Amino acid sequence: MAEQDITKFKRTPLTAESVLSGDVKGLKRLLPFLGPAFIAAVAYLDPGNFATNITAGSKYGYMLLWVIAVSNLMAVLIQALSAKLGIATGMNLPEVARERFPKPVSIFLWIQSELVIIATDLAEFIGAALGLYLLFGIPMLPAALITAVGSFAILELQRRGYRSLEAGIAGMILIVVCSFALQVINAQPDAGAVAAGIFTPKFQGVDSILLAAGMLGATVMPHAIYLHSSLTQKRIVGKNEQEKKRIFKLEFIDIVLAMVIAGAVNMAMVIISAALFFKNGLGVEELDEAFHKFYELAGPVSAVSFGLALLIAGLSSASVGTLAGDVVMQGFINKRINLYLRRAITTIPPLVIIIMGIDATRALIMSQVVLSFGIAFALVPLLLFTSNRSIMGGLVNQRWTTVLGWIIAAIVILLNLFLLVTTFI
């Protein structure tokens with residue numbers, strides 16, 4: 001009986017080892033490696049994206065779908081570099097930074113990353129509370145308290161092991177996918193216009209450029225970069241360079257699948273908004289307005305699907321943000337606080353904003369501005385470390401990867417600086 005229990009406990013590592021040794025073939029060999037990217041992908045489905053995508057679709061129809069396609073291609077590379085760093089070094093990005101940078105630099109990076117995660121958590125928390133308000137008419141303050149309880153419940157999955165957490169998050173993503181799939185069917189979009197929007201890059205005036213900059217610049221989430229490296233650092237450990245390369249190849253499939261799903265959901269938001277709002281000449285920018293317009297134009301099923309997706313996306317994103325906060329604190333300054341205490345502390349800012357009566361959509365937009373500030377401090381170290389052979393060994397970036405990575409970093413950083421300037425000026 002004891003031997004059976006031990007075998008059961010070690011089932012996932014043994015399966016991973018059998019895959020690496022070549023004993024398992026076909027699609028089954030992917031199973032031990034699926035999961036980390038889906039947790040990181042939650043950051044690409046946070047409520048901040050809802051507001052941007054709904055606005056893009058209602059103002060410009062299908063025209064800016066190509067921006068999401070480009071954004072996701074960029075996200076695949078960046079998340080792949082983060083996952084690869086964890087696989088190659090057995091450390092997460094903040095840990096490598098603490099080892100390589102002077103202590104004052106590590107402390108600064110920790111402080112700014114905590115501020116960015118708080119801002120991100122603000123958007124996710126308010127988004128979930130708004131979902132409860134729209135679905136059930138619960139006032140924002142009680143809805144925020146219910147959201148806090150829900151996020152605690154999701155964090156409890158982590159205590160049951162990484163597989164439980166991955167399964168829970170994947171299940172929540174599935175609900176969001178199904179919600180938007182149902183809405184797309186109800187909206188009956190123009191398939192030809194959708195294809196043209198995806199494959200034909202174009203703008204329509206300065207405002208469309210600004211909105212595209214917001215969609216592209218806000219795609220890369222600093223906390224997702226930090227978190228992904230921690231999810232792969234000790235999950236399946238390669239014994240040598242060859243095994244590490246095999247692990248990364250299999251994890252890359254996980255990344256592609258997760259990013260394709262996240263991209264499809266973001267595209268669905270734009271498509272639905274274009275098919276319903278743009279078609280009827282409605283410029284919808286507020287999430288609560290979008291909910292009511294969905295009800296008027298497509299019926300209660302569409303409205304409820306939107307509200308449910310917003311609620312689930314907010315809950316899952318808030319929990320992932322808390323995990324990322326734990327990673328950056330442990331990594332940059334080698335300190336930890338109880339995960340539930342961290343969750344309790346991070347509920348204070350959104351509760352204050354809700355009590356003050358600040359508009360939820362406005363708070364979401366401002367949180368994205370703060371988030372923009374942290375992009376460079378995650379991307380630049382990631383590229384520096386993954387381009388260093390002494391750190392990465394055989395998994396060091398190829399030259400084309402490094403060049404493409406710096407081009408993407410430059411684009412994202414410049415766009416976010418542009419957004420900061422236009423927001424305040």
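Remember, it's a predicted structure, so these values are computed and weren't measured experimentally.
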Worksheet item: Could you go step by step and tell me if Trp406 and Val380 meet the side chain to side chain contact (heavy atoms under 4.5 Å, CB included) rule?
Response: CA-CA 8 Å; Trp406 281 113; Val380 172; 4.0 Å; yes
Worksheet item: For Pro47 and Leu310, which heavy atoms make the closest approach, and how far apart are they?
Response: CB-CD1, 3.8 Å
Worksheet item: Does a side-chain heavy-atom distance below 4.5 Å link Ser316 with Ile173?
Response: no
Item to complete: With sequence neighbours excluded, give me every ring-ring contact (aromatic ring centres under 6.0 Å, His included) pair touching residues 58-107.
Response: Trp66-Phe203, Phe101-Phe385
Practice prompt. Please tell me if the side chains of Asp254 and Leu250 come closer than 4.5 Å, counting only heavy atoms from C-beta onward.
Written response: no
Discussion item. Just to verify, what does Ser387 make a side chain to side chain contact (heavy atoms under 4.5 Å, CB included) with, not counting sequence neighbours?
Written reply: Asn397, Thr402
Fill in: Short N-O contact, Lys84 and Glu251, less than 4.0 angstrom
no
Discussion item. Tell me whether Asn53 contacts the main-chain N or O of Met269 through its side chain, where contact means a donor paired with an acceptor under 3.5 Å.
Written reply: no
Practice prompt. Look at the side chain of Asn266 and the backbone N and O of Ala262, then say whether any donor-acceptor pair between them is shorter than 3.5 Å.
Written response: yes
Practice prompt. Check side chain to side chain contact (heavy atoms under 4.5 Å, CB included) between Leu73 and all other residues, then give those that pass, not counting sequence neighbours.
Written response: none
Fill in: side chain to side chain contact (heavy atoms under 4.5 Å, CB included) assessment of Leu287 paired with Phe306
CA-CA 10 Å; Leu287 292 178; Phe306 177 75; 4.0 Å; yes
Worksheet item: Stepwise, does the side-chain hydrogen bond (donor to acceptor under 3.5 Å, both in side chains) test hold for Ser106 with Arg98?
Response: CA-CA 6 Å; Ser106 292; Arg98 188 180 81 230; over 6 Å; no
Item to complete: Quick one: do Asp46 and Val42 satisfy side chain to side chain contact (heavy atoms under 4.5 Å, CB included)? Show the steps, please.
Response: CA-CA 7 Å; Asp46 75 349; Val42 167; over 6 Å; no
Worksheet entry | With sequence neighbours excluded, residues passing side chain to side chain contact (heavy atoms under 4.5 Å, CB included) with Ile117 | His223, Ala324, Val328
Discussion item. On a heavy-atom basis, which atom in Ala212 and which in Leu64 lie closest, and how many Å separate them?
Written reply: CB-CD2, 4.2 Å
Worksheet entry | Side chain proximity check, Asp207 to Leu211, heavy atoms < 4.5 angstrom | no
Worksheet item: Do NZ/NE/NH1/NH2 and the carboxylate oxygens of Arg235 and Glu166 come within less than 4.0 Å?
Response: yes
Item to complete: Check whether any side-chain N or O of Asn92 sits under 3.5 Å from a backbone N or O of Ser229 as a donor-acceptor pair, and report yes or no.
Response: no
Worksheet item: Can you find a pair of side-chain heavy atoms, one from Arg343 and one from Asp121, that are under 4.5 Å apart?
Response: yes
Discussion item. Has Ser82 got a side-chain atom pairing as donor or acceptor with Ile78's backbone, closer than 3.5 angstrom?
Written reply: no
Worksheet item: Quick check: are there more than 12 heavy atoms from other residues, nucleotides or ligands sitting under 6.0 Å from CZ of Phe291?
Response: yes
Worksheet item: So, Gln233 side chain and Gly90 main chain: donor-acceptor pair closer than 3.5 Å or not?
Response: yes
Discussion item. Any non-hydrogen side-chain atom of Ile154 less than 4.5 Å from a side-chain atom of Val320?
Written reply: no
Fill in: Distance in Å, Leu45 CG paired with Glu124 CD, rounded so as to fall on 0.5 Å steps
10.5 Å
Practice prompt. Please list, chain by chain and in numerical order, all residues satisfying side chain to side chain donor-acceptor pair (under 3.5 Å) with Gln188, sequence neighbours excluded.
Written response: none
Worksheet item: Would you say Ser273's side chain and Val270's backbone share a donor-acceptor pair under 3.5 angstrom?
Response: no
Discussion item. Please enumerate all residues that pass side chain to side chain contact (heavy atoms under 4.5 Å, CB included) together with Leu182, with sequence neighbours excluded.
Written reply: Asn186, Val301, Ser305
Worksheet item: Between the main-chain N or O of Val284 and the side-chain N or O of Ser58, is there a donor-acceptor pair closer than 3.5 Å?
Response: yes
Worksheet item: Tell me, do Thr322 and Ser151 make a side-chain contact under 4.5 Å, heavy atoms counted?
Response: no
Worksheet item: Between the main-chain N or O of Ala88 and the side-chain N or O of Lys244, is there a donor-acceptor pair closer than 3.5 Å?
Response: yes
Discussion item. Going by ring pair (Phe, Tyr, Trp, His ring centres under 6.0 Å), name the residues that satisfy it together with Tyr226, two or more places apart in sequence or in a different chain.
Written reply: Phe332
Discussion item. By the ring-ring contact (aromatic ring centres under 6.0 Å, His included) test, which pairs, at least two apart or in different chains, include something from residues 251-277?
Written reply: Phe277-Phe294
Discussion item. Just to verify, what does Glu156 make a side chain to side chain donor-acceptor pair (under 3.5 Å) with, not counting sequence neighbours?
Written reply: Tyr340
Worksheet item: Looking at residues at least two apart in the chain, or sitting in another chain, which of them share a ring pair (Phe, Tyr, Trp, His ring centres under 6.0 Å) with Tyr295?
Response: none
Worksheet item: Does the salt bridge (charged side-chain N to carboxylate O under 4.0 Å, His left out) test come out yes or no for Arg342 and Glu114, once each step is laid out?
Response: CA-CA 11 Å; Arg342 172 177 285 277; Glu114 290 282 14; 3.0 Å; yes
Discussion item. According to side chain to side chain donor-acceptor pair (under 3.5 Å), who are the partners of Asp326, at least two apart in sequence or on a separate chain?
Written reply: Arg336
Fill in: From CA spacing to verdict: side chain to side chain contact (heavy atoms under 4.5 Å, CB included), Thr232, Leu85
CA-CA 8 Å; Thr232 58; Leu85 180 69; over 6 Å; no
Worksheet item: Is any side-chain heavy atom of Ser71 less than 4.5 Å from a side-chain heavy atom of Val67?
Response: yes
Fill in: Residues which pass salt bridge (Lys or Arg N to Asp or Glu O under 4.0 Å) with Glu99, listed by chain and number, not counting sequence neighbours
none
Worksheet item: With side chains defined as the heavy atoms from C-beta onward, is the minimum distance between Ile225 and Gln79 less than 4.5 Å?
Response: yes
